[in-house]
Every structure is written in structure tokens, then in C-alpha cells.
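Since the structure is predicted, the reported quantities are computational estimates derived from the model, not experimental observations. Proteins come first, then strands; the chains are lettered A, B, ... in the order of their sequence lines, and each starts at number 1.
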2 protein chains.
Amino acid sequence: MSTYTQCSKEDLRAVKDALDVLNGRWKLQILIALLNGKRRFKEIARDIDGISDRMLSKELKELESNHLVTRVVIDAFPPVVEYTTTSHAKSLHKVIHALKEWGYYHRKEIIG
Amino acid sequence: MSTYTQCSKEDLRAVKDALDVLNGRWKLQILIALLNGKRRFKEIARDIDGISDRMLSKELKELESNHLVTRVVIDAFPPVVEYTTTSHAKSLHKVIHALKEWGYYHRKEIIG
DNA sequence: CTGGATCCTCAGGGATACTG
DNA sequence: CAGTATCCCTGAGGATCCAG
């Protein structure tokens, strides 16, 4: 395997596509929360520090339209809405893992 | 291997750290260009579709302050400035690879 | 509880012109 | 070539209030 990160035009486009779907400060955090098992709107909101209801709502919609999240309404009172990740979202675990590892590595590099 | 992407608070923080350093639409593109071997300011600018001189300059500075890029001035006329990635930046190849793979996968998921 | 609607702020980023 | 300086604008995102 090459030690280079060679990227063709197509590869670069794929990277940009990925970044496009995961853009903003919230989407990955939301997906991580869901992959950790959180489901209801308020649970997710509580889990993510600093997110507003408005943003959470908006981001969940975008994630849903990108097939990363499934929204299930349970007809009851008070209303219950459950969010789950799709299998497609689960394919993100390599991305998340890589970012996590690199985050740790970077902190050592900068601080240590 | 677990199929879950369990993230502790610390892990989440690491992910956020990583995203923080790579934020915006340009930084990863710049790093990819440099990892491909490009070096001079104008070469990078030409390589990245749509970036302005102003943004490229700003982003390069941020990357430099995060130890991801090295700036070398060659005293000559016309001026020559060479940018290279640090070994730390090279550790990003797993992140880039994961994003690339997922980008392709995502396109198939959405379009196909 | 689950959000929608509205209003507002601010930083990311574009365009252009200019310097060494 | 390698940037800086200015001006400007859009859109991400926050705050608050309201409805089912």
C-alpha cells in the first residue's frame, strides 16, 4: 500500500460529497448520539451540548433526507418521536473512528 | 469487532477537536492538494476550484498554526514560497481515506 | 414533548484593488 | 508571484415565542 494519500479528481469529489452531507457543527454529533443509542428528540437535545431545538430539528430533517436517520412517530399523548440511524449511517463508523483517533493524536501534537 | 460506534465524552471531544481543526470548506482540500505534492501558492490556488487568494492565504496560516503545513520562503525574485505538509498532516490519510470511501458509498446510496 | 415560525447576529467567505 | 486591505453579503446558527 502506498504511503501517499493520492486523490484523483473523482476521489476529491467523493471527499467533498462526504463533507457536504456532514457539514456544520451538529450532524456528526447527532449521528454519534444516535449511534450511541439515543432516540427521542429531547434525549438527543440533552445529549448534545449547546444545540438549540431549532437546529436539531433542521439537522434531523437533512439527515433524514440523506437517508442517514429514520423518523418514527408513535401516535400518543404526549407525542413520542423516535429517531434511529439507518444502516447507511452505521457505515460512518470508520469515518468517526478515524476522526476520533486523529483528534487524540492532534491534541498530543499541539499540546504535548 | 463491535458493530457499534460507541463514543465516550472524551471520544466525542476528540472528534470535535478534529472537526474544529479541519473546519470550513477548504482546509481538507488544501491538505489533499499538498499531500499530492503541490507546493507553491499559485499551484495550490489553481488546484482548488473556486478558492480565492484571500481564503487560501488565511487557511494556510491556520493550518500552519496547527502544525499541519510548513511555509518556506525562498529569497528570490520573483518570490517563491513553498508549502509542504508536516508529518502530522500525513497522519490524516486515514481520515481522508475514510471520507473518500464513505463519499462513494453515500453517492451509491442516494442516487443508485 | 415535538417541533414550527420569526427575528436577529455574526463569522465565513466572495470581489476587487493594491503592494513588495 | 505571493500575498494584504477593504468592502460587502449570504447563510449558519442562536433566542424566543407559539402550536398540536
Side-chain angles (χ1 to χ4, degrees), chain A residues 12 15-34 36-66 68-85, chain B residues 12 15-34 36-66 68-85:
Chain A
L12 182 56
V15 172
K16 284 200 277 191
D17 283 351
L19 291 177
D20 225 45
V21 175
L22 307 173
N23 66 9
R25 5 207 285 248
W26 302 121
K27 296 212 179 60
L28 265 177
Q29 287 189 68
I30 293 171
L31 288 169
I32 290 173
L34 285 173
N36 271 342
K38 296 298 181 190
R39 290 170 301 184
R40 296 183 60 175
F41 191 87
K42 254 327 187 214
E43 286 176 333
I44 305 170
R46 269 189 293 266
D47 222 47
I48 300 178
D49 198 40
I51 195 170
S52 64
D53 286 354
R54 186 174 105 73
M55 285 311 294
L56 180 53
S57 172
K58 210 190 77 184
E59 301 289 70
L60 281 168
K61 272 185 192 164
E62 290 184 33
L63 291 172
E64 202 187 346
S65 80
N66 276 316
L68 290 167
V69 159
T70 306
R71 182 175 184 271
V72 177
V73 180
I74 298 171
D75 196 358
F77 192 86
V80 175
V81 181
E82 301 212 324
Y83 292 92
T84 56
T85 52
Chain B
L12 182 57
V15 172
K16 284 199 277 191
D17 282 351
L19 292 177
D20 224 46
V21 175
L22 306 174
N23 66 7
R25 0 207 290 248
W26 302 121
K27 295 212 179 61
L28 265 177
Q29 287 189 69
I30 292 171
L31 288 169
I32 290 174
L34 285 174
N36 274 341
K38 295 298 182 189
R39 288 170 301 184
R40 298 181 59 173
F41 189 89
K42 256 327 188 215
E43 286 176 333
I44 306 171
R46 270 190 292 265
D47 223 45
I48 299 177
D49 197 40
I51 196 169
S52 63
D53 285 355
R54 185 171 106 73
M55 285 311 294
L56 180 53
S57 171
K58 209 191 76 182
E59 301 289 70
L60 281 169
K61 274 184 191 165
E62 290 185 32
L63 291 172
E64 202 187 348
S65 80
N66 276 316
L68 290 167
V69 159
T70 306
R71 183 175 182 271
V72 178
V73 179
I74 298 172
D75 197 359
F77 192 86
V80 175
V81 180
E82 301 210 325
Y83 291 93
T84 56
T85 52

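With respect to B/K27 and B/E62, a salt bridge is recorded, a charged nitrogen being found less than 4.0 Å from a carboxylate O.
Between B/K61 and the phosphate of D/dT4, there is a side-chain N or O to OP1/OP2 separation shorter than 4.0 Å. Between A/R25 and D/dG14 there is a side-chain N or O to OP1 or OP2 distance below 4.0 Å. Phosphate contact (OP1/OP2 of C/dT2, side-chain N/O of A/R40, threshold under 4.0 Å): present. Note on B/Y83: a side-chain N or O is less than 4.0 Å away from OP1 or OP2 of D/dG3. Contact annotation: A/S52 side-chain N/O to D/dA15 OP1/OP2 distance is not under 4.0 Å.
Rounded to whole Å, atom C1' of C/dG4 lies 12 Å from atom CZ of A/R71. A/W26 places its CH2 atom 15 Å from the P atom of D/dA12, with the value rounded to the nearest Å. One interatomic measurement links the two molecules: CE of A/M55 to C1' of D/dG11, which rounds to 10 Å at whole-angstrom precision. Between B/E62 atom CD and C/dG13 atom C1' there is a gap of 12 Å when expressed in whole angstrom units. Counting to the nearest Å, the P atom of C/dG12 and the CD1 atom of B/I51 are 14 Å from each other. Protein atom CG of A/D53 is 9 Å distant from nucleotide atom P of C/dC1, rounded to whole Å. Rounded to an integer number of Å, the gap from CG of A/L56 to P of C/dT2 is 10 Å. Computed from coordinates, the B/F77 CZ to D/dG3 P distance equals 14 Å when rounded to whole Å.
In this structure, B/N23 contributes its side chain and B/D20 its backbone to a donor-acceptor pair below 3.5 Å. The backbone N or O of B/K61 sits nowhere less than 3.5 Å from a side-chain atom of B/E64 that would complete a donor-acceptor pair.
When side chains are defined from C-beta on, B/R25 does not count as touching A/L19, because their heavy atoms never get closer than 4.5 Å.
The B/R54 side chain lies nearest to D/dT6 when the options are D/dT6, C/dT2, D/dT4. Residue B/S57 places its side chain closer to D/dG3 than to any other of D/dG3, D/dC1, C/dG14.
Using a 3.5 Å distance cut-off with no hydrogens or angles, the side chains of B/R39 and B/Y83 do not pair a donor with an acceptor.
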